[in-house]
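Below: one structure, written as structure tokens.
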Amino acid sequence: MVHGHSVKFMIVAVDLNKTAMGHGPWTIDHGQKSLFLRNMSISKTYEPKQTEDKWYNYWLEHNFFRSVPDEREPYTIVIPPPNVTGVLHMGHMLNNTIQDVLVRRARMKGKNACWVPGTDHASIATEAKVVAMLKEKGINKKDIGREKYMEYAWEWKEKYGGIILEQLKKLGASCDWDRTRFTMEESLSEAVIDTFIHLYKKGWIYRGIRMVNWDPQGKTAVSDEEVIRKEVNQKLYYIRYKVLSPESEVLSQNATLDSGLSTSDFLTIATTRPETIMADTAVCINPNDERYKHLHGKKAIIPLINREIPIILDEYVTMDFGTGCLKVTPAHDLNDYELGQKHGLQVIDILNDDGTLNEKAQILVGEDRFAARKKIVALLEADGYLDKVEDYKSQIGFSERTDAVIEPKLSMQWFCRMDEMAKPALDYVLKGDIKLIPDKFINTYRYWMENVKDWCISRQLWWGQQIPAWYLPNGQFVIAKNREEAFELAKGLASHISHLKSEDLTQDEDVVDTWFSSWLWPISVFDGFKDPNNDDINYYYPTNDLVTAPEILFFWVARMIMAGHEFRGELPFRNVYLTGIVRDKIGRKMSKSLGNSPDPLGLIADYSADGVRVGMLRSSPAGNDLMFDEEHCKWGRNFANKIWNAFRLVKGWEVDDRNECPNRLAIEWFESRFNQALTEIESNFSQFRISEALMATYKLVWDDFCAWYLEMIKPAYQHPIDRETYTATIAFFENILKILHPFMPFITEELWHDELFGGRSEYDCCIVAQLPTIGKINTQVLSDIEMVKQVITQIRNIREEKRISPKEKILLSAKDNAGVSYKVYESVISKLGNISSFNIVSDKVVGAVSFMVSTDEFYVPLADQLDPIAECAKLRKDKDYYAGFLRSVNSKLSNDKFMANAKPEIVEAELKKKADAEAKLKVIDENLAALACDLQ
RNA sequence: GGGAGUUUAGCUCAGCUGGUUCAGAGCAUCUGCCUUACAAGCAGAGGGUCACUGGUUCGAACCCAGUAACUCCCACCA
């Protein structure tokens, strides 16, 4: 292809030379020559590389993203803060493209658009990275202490933090970067501490022992939402426990299976976690289980360690699972814990924080839980306690951040009560004050809010906001902002401790969950805690739209609504647009391990930011997953190129000032068509149908503007265009740039500044241009041109069928009783159909190929190419079809119930269908007769 | 186990209040074109039992019931 182009250019160059030397076969006048040179100087394809950086910097330098409160209506979006140390992935690309489209549109509608960017400190993920970095240096977190550790962590954050924000710039994100916030910066941290104290005073924050999801790798508790359950192939081990009758003597510690005891002296439990048997404090059976009636009231002995445990009864045990005997391990299983609470069982925790066994296990001390599992199975087997092993599939929880297997663990944690806050948050959504888009998420939201559990907010990490709890030497604690305040409170609390000193207080080691800072985001980014009445918060809050992923509907969106209500008495945003998950083209979720996620910046380099933006938006309606395929980006790039080439065409025109304008109808048509499309686009946007709005824009540009309008008005080669058409076309083009801008900011800004559109002052940019308003729509012209387009398509069709070159001119006649005055559109029809002569005739043209548009008849005289047999067959097929159609219409019209129930306009439409079908049939019959088809 | 959703062309999806002359796009396919804006293009064509079964209705892709397949969310039967 490339080779072909260069050849073409070479020929052209030779011609030029000839002309210059004055012995060419034809001469070019001055105007044509300049036109020719101008086209040569513009690249045939759009080249985004330089323009993207150029315009992004221009926008930045001219402060177009900057927003400060003024008299205009605000439009605000707060970005869902990505992890500060994260890198851009396809999900971010989609999400932020949508936000940018919304923000740019609002800006172009005259609103004061403010998109607040920022990042989140992602305590677990970041701490994991920092700990790993320190480990490489041979440093242990505990050895250097909290203060020094935080220095390293901040250093890390400064070094790697915010890369993702730089990447967003490549996408064209028009964030107000001056407002960039970070969830751990001072004022945001202060807000976290203040809200903690506020909620504690309300009695909504409390400390308690709970079974939490323990991440032994991150060495912290994580919330339920941060646990990902996956189905895993496991083994189910059947283990024999000796049974003791209460009346019998304690068996010899050396007794084994071989010592002559019968099997009735054993019971068998089934477990996936044999390494926890040392923590068992009971065996549980269902009281209704006939098989085990003889065990009621007896005791069992844990193998290997020979500890005695009671056999308890509870209907919780499913009789038909496993053996019907359940080992109860309150310290290491939530259900067992609850069972233990109910039955007053002892709790024995045999695991260390890192997942190794502690001395309470008595055996295998120091072994990792998974290594211990293997070893204990061997020990059990050696001593004959292992009955059998089965393959078994079950769900295991993994830590979202570290992918470690979650260990249920009892520990002292801080909790936030959710019930009171959930109620108003639910109401906002149920009443429609906050809209979820799509609304199918309302049900999910409601379910969660009605079944909300208390939120475990403490994390055993250092990277984050330290919990403002201060402990007295006697174990009592106070909640205070700092040591001084804590000391004051502590003095009151512990007046009996006469010599309590400030230094005696120790602050809680833990930090709060990252979500405990992100739930304040829409308020804290405007300093709404520090200064609740400042201009920013009063102006920008509540924000307008939130664009995020449904995965975090609960732990982020719902909590922001709670915080908004609790701390400002107002909702934080009005619309929540939930994007889908970006998957690969065969439907797999994009993930690092699968390696199926393309590099976003690579895509931008290959297909342009504009191309990737529209490629992503194309097939991603709200809430639907996006099956990503690079082909979409290619489509986007081609679209940009199409716009570029439309520009090249118009740019190349010479204008003359003759007084005639041959294109008034085309101009009027496109104007109406533009306004019609604008109506659709507005309507789509108002319903957040962004991909549909894009498609409507695409069709307007590609089909209506390029394929039809420009072809209609395009002057013949080497001919100038009239001033009136030119001016109108430039105006259309400018409007097209405007409506394209939110989707494709770079190419539109680039073209906007071309001299084609007149001189632009420094601040006259597409990004701040005002979107066109909907103007008049001439429906008559719209429908007429639709018919004209059909005529042209039919002509092209005949050319294709009859193998007539598009270059060959043909004749066309139309019957004079047509519904549309086609003669008015003669120039359009002749030009696009390449018609040499267009006549209106009163009689059928014999020996012509005929076609119909609606009920209007057209003839293309092609006597020599006419195949009467084929024509007759075609006519008969049409006749059959229309006859059948007429029958169905007539059956409706003769149906009394239809006539009685259908709306009048429907009946009218049916009557029109009937008349049209009859007219068509009449014409078909005439044509059949004219061709003497009866004889064929 | 509970809940929600999806099922329309080979693929990805529209189809909004049940009612246009045969249910629409894009991609892919086929045919013909290097036609002076664009081969990243132009012109044209083919392609559908709207998952299945029943019901409501004058009329169903659309409403209702059932069935099947898939997806997601919630729920820790060891």
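Every chain is numbered from 1, with letters handed out A, B, ... down the list of sequences.
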task = Ignoring the backbone of Y717(A), work out which of U36(B), C76(B), G26(B) is nearest its side chain.
result = U36(B)

ask   = Rounded to whole angstroms, how far apart are CD1 on I798(A) and C1' on G44(B)?
value = 12 Å

task = Take the angle between the ring planes of F554(A) and W448(A) and call it parallel below 30°, perpendicular above 60°, tilted in between.
result = parallel

task = Report the nucleotide, chosen from A40(B), A43(B), A78(B), that has the shortest atom-to-atom distance to any side-chain atom of T45(A).
result = A40(B)

ask   = Tell me: CZ of F628(A) to P of G26(B), nearest whole Å?
value = 20 Å

note = d(R887(A) CZ, K892(A) NZ) to nearest 0.5 Å is 15.0 Å

inquiry  = Of the listed nucleotides (C22(B), A37(B), C16(B)), which one gets closest to any side-chain atom of Y881(A)?
reply    = C22(B)

task = Please state how far atom NZ in K44(A) lies from atom P in U36(B), giving the value in whole angstrom units.
result = 10 Å

remark   = Side-chain atoms of Q687(A) come closest, of C16(B), A40(B), A37(B), to C16(B)

note = Re A9(B): Watson-Crick or G-U wobble partner, both distances kept under 3.5 Å, found to be none

Atom pair distance, as rounded to whole Å: CD1 in I643(A) and P in A37(B) = 18 Å

A40(B) pairs with, by Watson-Crick or G-U criteria that keep both distances under 3.5 Å = none

query = Within this structure, what is the NZ-to-C1' distance between K897(A) and U57(B), rounded to whole angstrom?
reply = 9 Å

key: A4(B) phosphate, OP1 or OP2, under 4.0 Å from Y447(A) side-chain N/O   = no

inquiry  = Say we look at A9(B) and G24(B): how far apart would their C1' atoms be, to the nearest angstrom?
reply    = 10 Å

inquiry  = Taking 4.0 Å as the cut-off, does a side-chain nitrogen or oxygen of N638(A) come that near to OP1 or OP2 on G41(B)?
reply    = yes

note = For A65(B), the nucleotide meeting Watson-Crick or G-U wobble distances (both under 3.5 Å) is U53(B)

note = A14(B) -> Watson-Crick or G-U wobble partner, both distances under 3.5 Å, gives none

query = C52(B) and A61(B): how far apart are their P atoms, nearest whole angstrom?
reply = 11 Å

Distance, rounded to the nearest Å, where W635(A) contributes CH2 and A40(B) contributes P = 17 Å

query = Looking only at atom C1', what distance separates A60(B) and U56(B), rounded to whole Å?
reply = 10 Å

ask   = Below 4.0 angstrom from OP1 or OP2 of A37(B), is there any side-chain N or O of W702(A)?
value = no

message = Would you say that more than 12 heavy atoms from the other residues, nucleotides or ligands in this model lie under 6.0 Å from the NZ of K802(A), or not?
response = yes

message = If I pick the C1' atom on G26(B) and the same atom on U67(B), what distance separates them, to the nearest angstrom?
response = 33 Å

task = Look at the side-chain N and O atoms of K699(A) and state whether any lies under 4.0 Å from the OP1 or OP2 oxygen of G26(B).
result = no

ask   = Under a 3.5 Å cut-off for both distances, is C72(B) Watson-Crick or wobble paired, and to whom?
value = G3(B)

key: Comparing R637(A) and T323(A) on RNA chain B - which has the more 5′ nearest nucleotide   = R637(A)

inquiry  = Rounded to the nearest 0.5 Å, what separates atom CG in D896(A) from atom CZ in F898(A)?
reply    = 12.0 Å

inquiry  = Other residues, nucleotides and ligands only: do more than 12 of their heavy atoms fall within 6.0 Å of NZ on K831(A)?
reply    = yes

inquiry  = Could you check whether atom CD of Q687(A) has more than 12 heavy atoms from other residues, nucleotides or ligands sitting under 6.0 Å from it?
reply    = yes

task = Could you check whether D625(A) gets within reach of a base, just the sugar-phosphate, or nothing at all, counting any heavy atom under 4.0 Å?
result = sugar-phosphate

message = Can you tell me whether the side chain of K892(A) and the base of C58(B) have a donor-acceptor pair closer than 3.5 Å?
response = no

request  = Answer yes or no: is there an ion pair linking R369(A) with E407(A), defined by an N-O contact shorter than 4.0 Å?
outcome  = yes

task = Ignoring backbone atoms, test whether N451(A) places a side-chain nitrogen or oxygen under 4.0 Å from the OP1 or OP2 oxygen of C74(B).
result = no

query = What interatomic distance, in whole Å, is found between C1' of G5(B) and the corresponding atom of C42(B)?
reply = 42 Å

query = If you measure from the P atom in G66(B) to the same atom in C77(B), how many Å do you get, rounded?
reply = 27 Å

key: Closest to side chain of N901(A), choosing from A78(B), C58(B), A37(B)   = C58(B)

request  = Report which part of the nucleic acid A917(A) touches: base, sugar-phosphate, or nothing (heavy-atom distance under 4.0 Å, all strands).
outcome  = base

query = Using a cut-off of less than 4.0 Å, is there contact between a side-chain N or O of K714(A) and OP1 or OP2 of A37(B)?
reply = yes

ask   = Whole Å only: how far is the CD1 atom of I42(A) from the P atom of A37(B)?
value = 12 Å

query = When you check the phosphate oxygens OP1 and OP2 of G15(B), does a side-chain N or O of R689(A) lie under 4.0 Å from one of them?
reply = yes

inquiry  = Pick the closest RNA chain B nucleotide for S854(A) and for N443(A) by heavy atoms, then say which residue is nearer the 5' end.
reply    = N443(A)

message = Pairing check on C34(B): which nucleotide meets the Watson-Crick or G-U wobble criteria with it, both distances under 3.5 Å?
response = none

Electrostatic pair D856(A):K920(A) at N-O distance under 4.0 angstrom = no

inquiry  = Would the distance check show the side chain of N645(A) and the main-chain N or O of K44(A) forming a donor-acceptor pair, the cut-off being under 3.5 Å?
reply    = yes

ask   = Below 4.0 angstrom from OP1 or OP2 of G44(B), is there any side-chain N or O of R796(A)?
value = yes

query = To the side chain of Y392(A), which of A78(B), G26(B), C38(B) is closest?
reply = A78(B)

key: N797(A) side-chain proximity, nearest of A45(B), C76(B), C27(B)   = A45(B)

task = Look at the rings of Y709(A) and F705(A) and say which category their plane angle falls in: under 30° parallel, 30 to 60° tilted, over 60° perpendicular.
result = parallel

ask   = Which nucleotide in the list G26(B), A78(B), U12(B) gets nearest to the side chain of T271(A)?
value = A78(B)

note = Closest to the side chain of L334(A), out of G44(B), G19(B), C76(B), is C76(B)

remark   = Closest of G15(B), U35(B), C72(B) to the K807(A) side chain is U35(B)

query = Hey, is the side chain of E711(A) pairing donor to acceptor with the base of A37(B) inside 3.5 Å?
reply = yes

query = Considering only the C1' atoms, how many Å lie between U8(B) and A51(B), rounded to the nearest integer?
reply = 10 Å

task = Would you mind reading off the distance between N641(A) atom CG and A39(B) atom P, rounded to a whole angstrom?
result = 8 Å

query = Hey, does Y882(A) reach any base, or is it just sugar-phosphate, or nothing, if we go heavy atoms under 4.0 Å?
reply = base

query = Can a side chain N or O of T793(A) be found less than 4.0 Å away from OP1 or OP2 on G44(B)?
reply = yes

inquiry  = With rounding to the closest Å, how many angstrom separate the C1' atoms on A14(B) and C30(B)?
reply    = 25 Å

key: Identity of whatever pairs with A28(B) - Watson-Crick or G-U, under 3.5 angstrom   = none

